[in-house]
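Below is one structure, written out as structure tokens; comments come after it.
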Number of protein chains: 2
Amino acid sequence: MSRASDRAYGAIRSMILSGELASGAQLGEEALAEVCGVSRTPVREALRRLEADMLVVRTDTQRSFVADWSIDDVADAFELRAKLEGMAARRAAERMTAEVLDRIRSANRVIGVAVRQTKPDIAGFLDGNREFHAAVIDAAGSRRLAALLGSLVEQPVVWRTAYHYSREALNRSHSEHEELAAAFARGDGAWAEAIMTGHILRAYHAYADAHRGLAVPEPREVAA
Amino acid sequence: MSRASDRAYGAIRSMILSGELASGAQLGEEALAEVCGVSRTPVREALRRLEADMLVVRTDTQRSFVADWSIDDVADAFELRAKLEGMAARRAAERMTAEVLDRIRSANRVIGVAVRQTKPDIAGFLDGNREFHAAVIDAAGSRRLAALLGSLVEQPVVWRTAYHYSREALNRSHSEHEELAAAFARGDGAWAEAIMTGHILRAYHAYADAHRGLAVPEPREVAA
DNA sequence: ATGCAGAGTATTGTATACAAATATGGTTGG
DNA sequence: CCAACCATATTTGTATACAATACTCTGCAT
């Protein structure tokens, strides 16, 4: 069984990503320890990890809060992710193997099935998408690049917003994945990088479009 | 006064960067607590932070060791840094202010003085260099980008190797800084990005050249 | 009303004790 | 001689107690 600090980390993290713990909510160590059924020690460790993930911020007086992702923060994260995952795609293409290509194509099939439903299967789409991008990052073969991207892929609000994506956005995303797979098959690093970078930036715009259409509370300010 | 965990973090970090704690050395919590004059609790926190910085690795059985930076790891880190700091330079150029430009130019003067000594003042060069790059990263105005770059700029071995840089490498580095300042003054983001990316990659080659000339022990293997 | 001072409350930081897990070294059986 | 195994020593994980720090709310003075 996993360690208490891992369980606390996972529990708090998923509460943040799901929105159960809202932006700006204070994260008291005692209260979280209660919820997770452990002592403060593993909770403290979990909070520090989440802080490194930028899902949690601390004030200058050491109080922890759920990080507040303004629309600018999200744009910033996507811009960085576009650049870094572009690099990952190029490297992956340069060292592509049959096994990895299979993994990528099988992820694409999942996405294709999800997108073609009469009512698109968003959960399936997200699963396939996650697997596709994980495969690319693994194939890039850089622990460091993988670590940097780790803090950029999971963002609160963003995945939940996928449930409001337009069918056009979903179809375009799927065809871009196909195009990427083709570039990988040819070992065309420059092309893979260009497609991937554009793909992430378009994913951001799909998010921003869906986001604008929703009644989103203004992000409240949180101490630096 | 700073907190015990901060002192432990700084102490262990500088021991790693200076080489006092060599690659592959085991980092026992008890022993470090003794050295730092604190209990294990803050030491544990420091080790987790250093792990996030990738200066420390942990085995699958939770033992901590000083990370082993092979020449490939260093190349990888520089490649990422070149890309990200290129982004930072572009953003900085786009939002340049008179104050920031002053800060950058004053850092350049420090570099210029250090480089022009009959026997180059490497410590001064490194100080000016650090300040220059810190100013650019600050001016980019992205907390997230700054956080990602944080784990890439300080590398064990690398700075120590600067003491073996050739005069040509130092002069070229200085003139590149001047060229960057000029791009910033013009607000020329694309140019600043191009120069900065090349600048970092050349810094890597200066490192690799100096490194090859030294008697460097083969990196010993360390458990994953 | 507004701002400041102080006591009292709540929260975080550190040390320590003990439990759980892992490494080590020697012994035995093959 | 080697490998598997057990007892022991070492190391890490967690809980808890207490200290230090930060917050809050009241009352008072302006």
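These numbers were taken from a predicted model, which means no experiment stands behind them. In the text below, chain A, chain B and the rest are named by the order of the sequence lines, each starting its count at 1.
- For the helix from C/dA1-D/dT30 to C/dG30-D/dC1, the axis fitted to the five pairs at one end and the axis fitted to the five pairs at the other end meet at an angle of 20° (nearest 10 degrees).
- Within the nucleic acid shown, B/L27 comes within 4.0 Å of sugar-phosphate atoms alone, with no base atom in reach, counting heavy atoms only.
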Query raised in the report: How far apart are the C-alpha atoms of A/H211 and A/H205, what are their side-chain angles, what is the distance that settles it, and do they pass the ring pair (Phe, Tyr, Trp, His ring centres under 6.0 Å) test?
Result: CA-CA 9 Å; A/H211 189 265; A/H205 288 301; over 10 Å; no

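- With the nearest nucleotide of DNA chain C identified for both A/E30 and B/T41, A/E30 has the one nearer the 5' end.
- Heavy-atom neighbours of A/R143 CZ from other residues, nucleotides or ligands within 6.0 Å: at or below the threshold of 12.
- For B/R40 and B/E30, the salt-bridge test fails: no basic side-chain N is under 4.0 Å from an acidic carboxylate O.
- Between A/D209 and A/Y204, the side chains place no donor N or O within less than 3.5 Å of an acceptor N or O (distance only, hydrogens not considered).
- For the pair A/S5 and B/R63, nearest-nucleotide mapping onto DNA chain D gives the more 5' position to B/R63.
- Within the structure, a side-chain polar atom (N or O) of B/R58 is placed less than 4.0 Å from OP1 or OP2 of D/dG13.
- A donor-acceptor contact shorter than 3.5 Å is absent between the side chain of A/S2 and the backbone of A/D6.
- Nucleotides of DNA chain C lying under 4.0 Å from heavy atoms of chain A occupy a range whose first and last members, 5' to 3', are C/dT11 to C/dA21.
- Within residues 45-56 of chain A, no residue has any heavy atom under 4.0 Å from DNA chain D.
- Distances shown here put a side-chain N or O of A/T61 below 4.0 Å from the OP1 or OP2 atom of D/dC23.
- The phosphate of D/dG13 (OP1 or OP2) has a side-chain N or O of B/R44 nearer than 4.0 angstrom.
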Requested in this report: Show the numbers, then the answer: is there a side-chain hydrogen bond (donor to acceptor under 3.5 Å, both in side chains) between B/H177 and B/N129?
Outcome: CA-CA 9 Å; B/H177 283 107; B/N129 193 61; 3.1 Å; yes

Query raised in the report: Under the side-chain hydrogen bond (donor to acceptor under 3.5 Å, both in side chains) criterion, do B/D53 and B/S151 qualify, and how do the steps go?
Result: CA-CA 5 Å; B/D53 294 344; B/S151 66; over 6 Å; no

